Amino acid sequence: MAAIHALRMRLVSGRMRARAVAFGLGLLLLVVFLTQGIFFIRANAPAYDEATHLASGYSYLATGDFRLEPQNPPLLKQLLALPLFLIHRLPFHTDTQHWRDGMDFFVGQDFLYHSLLPADQMLRLVRLSNLSIGALLIVLIGWWAFRLWGAKAAILAMLLACVDPNLVAHSSLVTTDVGATLFVVLTIYLLWEYFRDPVYWLLAAAGVSLGAALVSKFSAIVLIPIVGLIIALHLISVGGQSRALFPHRYPTRLGARFFDAAGAFLSFAFIAALVIPLAYGLQGFQQWFFGLERFLKLSQDGQPAFFLGEYSYQGWWSYYLVAFLIKTPLGSLMLMALSLLLYQAGNRLKPCEAVFLLLPVIVILLATTQAKVNIGLRHILAVYPFLFVLASRFATFRSQRGWPAQLLIGIALIFTIVSSLRVAPHRLAYFNEIIGGPNQGYRYLADSNLDWGQDLNGVKAYMDKEKLPIIYFSYFGSAPPSYYGIRYQYVPGTWPLEWPPPADKVPAASQRKILAISANNLQDVFTSYNPLFQWLRQRTPVIKVGYSIFLYDLSDDREGLARLEETYVKAGIPPAP
């Protein structure tokens with residue numbers, strides 16, 4: 001008996017040491033994630049929507065008025081703006097015509113660039129708020145993997161997540177995508193816990209999380225059919241797993257089981273519904289339904305998009321699947337695929353686990369086949385945590401027939417880490433090696449996959465290095481280039497929010513005539529009906545700044561300069577003499 005007790009104590013002690021090591025490694029990975037995010041924040045100028053999100057969230061806190069940007073719910077924008085509101089208490093002016101008309105883009109520009117605090121300082125603080133939300137998502141991914149498959153799986157899941165270029169980039173911007181992803185994954189995770197241990201506080205917590213998701217991003221409404229399908233599958237399944245819906249008794253008749261399951265679902269939905277008016281300052285549900293209506297209208301109208309050399313307002317069924325395949329590191333894709341294909345190896349992937357990890361991915365991807373707004377992988381960011389947790393099962397594999405599973409994991413991780421780090425700090429423009437990396441990304445996708453106006457700092461640095469006093473600039477973005485010290489002559493492409501643009505002109509006698517152009521404009525994403533820059537795509541840029549802004553030297557290119565003048569006429573903006 002003494003020997004058995006000693007053995008048991010050694011096993012317990014070994015588990016505790018393993019968990020302590022895993023905890024330490026998890027903290028280290030969080031530091032790695034936060035460090036990458038901080039470098040991203042310092043290097044990147046405002047992305048297109050950031051000023052709008054920042055000003056909208058701040059206005060909700062300062063005024064209690066939700067008129068700005070109703071097509072995106074308020075919760076995350078409020079959370080992101082909260083530190084700025086609490087620390088600095090900047091005045092928010094509601095006496096402007098833009099505010100009265102609800103013109104959120106212009107209100108955002110005015111608030112970010114004409115407040116008492118410098119724009120970069122404001123943006124840095126609010127971006128750090130989102131980075132902290134991204135860190136919580138990393139923790140949740142690791143914790144779920146730990147609960148499923150142990151400490152090694154938790155470390156593998158966290159490692160895949162913390163170096164993923166898409167999570168790093170979108171956690172470091174003032175957007176709602178990562179926060180919505182956190183609440184989507186948290187809802188499904190809490191339901192998984194409830195099915196394992198049916199205590200009602202877990203069901204209530206899942207309901208609160210669902211409500212938070214619904215007031216974070218309207219696309220999170222896809223959670224409702226996902227939850228319904230999960231409950232339905234457990235309702236018709238046979239065995240102990242079904243008992244989670246019926247903690248006090250296990251009805252043998254389908255009708256009784258359906259009645260109890262419906263009760264659980266309605267309780268879950270009722271709790272979620274209570275969260276909605278809280279996010280709108282207890283102003284009822286009208287604001288949420290109004291925003292949902294606006295969101296659905298915008299989704300139905302579509303937006304101009306670019307995909308594999310084609311243009312469309314109505315989207316492509318395969319857009320998000322292809323975007324996922326070419327913007328996810330190959331090592332991560334390999335581990336995801338092998339964990340699924342070898343579902344019986346290691347700790348076997350059980351049907352109940354597959355339901356919670358794969359059903360959300362399948363439903364989200366199926367829903368996007370009908371999407372008319374194809375403007376960025378960020379709209380399916382929620383599939384990544386589920387797939388990282390799935391891939392972490394690979395850590396439970398054992399070497400079989402001389403096939404070293406650990407070596408394979410190491411190779412895959414090296415591929416992922418190197419592929420991600422080599423594009424830093426420009427991870428928004430990440431593409432994997434299938435298409436030749438980020439240098440070739442502009443040939444396949446546009447908009448927030450690559451070019452969100454974030455590389456103004458790099459343009460300014462190049463101008464300083466080359467001693468360029470002024471350039472031609474066709475810019476896609478909301479940040480005013482002049483704020484970053486860029487003196488430029490406006491070139492059409494998209495309608496800039498710095499309007500009217502500066503009246504500066506590149507002197508005819510200038511020895512260097514450099515044209516900087518955003519990838520979106522180079523590909524005529526917003527002018528495909530009247531292409532402006534087909535002629536430019538035949539030329540070779542002297543440099544690509546952050547993979548999103550291309551610089552061309554037209555100094556000795558008479559034809560190019562003539563074509564450049566034609567773009568003004570084609571755009572209906574004759575250049576001033």
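On a predicted model such as this, the values are computed, not experimentally measured, just so you know.
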Would the distance check show the side chain of [X] and the main-chain N or O of [Y] forming a donor-acceptor pair, the cut-off being under 3.5 Å?
{"X": "Y472", "Y": "Y490", "value": "no"}
{"X": "N449", "Y": "A446", "value": "yes"}
{"X": "S171", "Y": "V168", "value": "no"}
{"X": "S56", "Y": "H53", "value": "no"}
{"X": "K327", "Y": "Y430", "value": "yes"}
{"X": "T328", "Y": "L325", "value": "no"}
{"X": "K77", "Y": "T176", "value": "no"}
{"X": "D455", "Y": "I549", "value": "no"}
{"X": "S216", "Y": "G179", "value": "no"}
{"X": "D164", "Y": "L160", "value": "no"}

At what distance, to the nearest 0.5 angstrom, does [atom1] of [X] lie from [atom2] of [Y]?
{"X": "L381", "Y": "T181", "atom1": "CG", "atom2": "OG1", "answer": "4.0 Å"}
{"X": "L515", "Y": "L522", "atom1": "CG", "atom2": "CG", "answer": "9.0 Å"}
{"X": "L117", "Y": "D120", "atom1": "CG", "atom2": "CG", "answer": "10.0 Å"}
{"X": "N457", "Y": "I486", "atom1": "CG", "atom2": "CD1", "answer": "8.0 Å"}

Task: Member of L278, L75, L76 meeting the side chain to side chain contact (heavy atoms under 4.5 Å, CB included) criterion with V215 - done: L75

Open item on the list: With side chain to side chain donor-acceptor pair (under 3.5 Å) as the test, pick out the partner of K217 among T175, N72, D177.
Closed with: D177

Does the gap between the ring centers of [X] and [Y] come in under 6.0 Å?
{"X": "Y444", "Y": "F431", "answer": "no"}
{"X": "F388", "Y": "Y384", "answer": "yes"}
{"X": "Y311", "Y": "Y529", "answer": "no"}

Task: Pairs involving residues 271-288, ordered by first then second residue, that meet side-chain hydrogen bond (donor to acceptor under 3.5 Å, both in side chains) (sequence neighbours left out) - done: Q283-Q287

Side-chain heavy atoms of [X] within contact of [Y], under 4.5 Å:
{"X": "L191", "Y": "L203", "result": "yes"}
{"X": "L428", "Y": "D451", "result": "no"}
{"X": "F533", "Y": "P492", "result": "no"}
{"X": "W99", "Y": "H93", "result": "no"}
{"X": "L54", "Y": "L84", "result": "yes"}
{"X": "L90", "Y": "F111", "result": "yes"}
{"X": "L125", "Y": "H88", "result": "yes"}
{"X": "T63", "Y": "Y58", "result": "no"}

Task: Intermediate values then yes/no, ring pair (Phe, Tyr, Trp, His ring centres under 6.0 Å), F476 and F526 - done: CA-CA 10 Å; F476 171 81; F526 301 94; 5.3 Å; yes

Count the heavy atoms belonging to other residues, nucleotides or ligands that lie under 6.0 Å from [atom1] of [X], then report whether that count exceeds 12.
{"X": "F92", "atom1": "CZ", "value": "yes"}
{"X": "L116", "atom1": "CG", "value": "no"}
{"X": "F270", "atom1": "CZ", "value": "no"}

- [ ] Please determine if R89 forms a cation-pi arrangement with F85, meaning its NZ or CZ atom is less than 6.0 Å from the six-membered ring centre and no more than 45° off the ring axis.
- [x] yes

Under 3.5 Å, is there a donor-acceptor pair linking the side chains of [X] and [Y]?
{"X": "R100", "Y": "Q97", "value": "yes"}
{"X": "S518", "Y": "N521", "value": "no"}
{"X": "W316", "Y": "E310", "value": "yes"}
{"X": "Q36", "Y": "R427", "value": "yes"}
{"X": "R378", "Y": "S448", "value": "yes"}

Task: Salt bridge K460-D464, side-chain N to carboxylate O under 4.0 Å - done: yes

Open item on the list: The criterion is side chain to side chain contact (heavy atoms under 4.5 Å, CB included); which residues satisfy it with L140, sequence neighbours excluded?
Closed with: L182, V185, L186, Y189

Task: Distance-minimising heavy-atom pair for F105 and T52 - done: CD2-OG1, 3.3 Å

Just distance, no hydrogens or angles: give the donor-acceptor pairs under 3.5 Å from side chains in residues 296-309, sequence neighbours left out.
from : atom 1 : to   : atom 2 : distance (Å)
K297 : NZ     : D301 : OD2    : 2.9
S299 : OG     : F295 : O      : 2.8

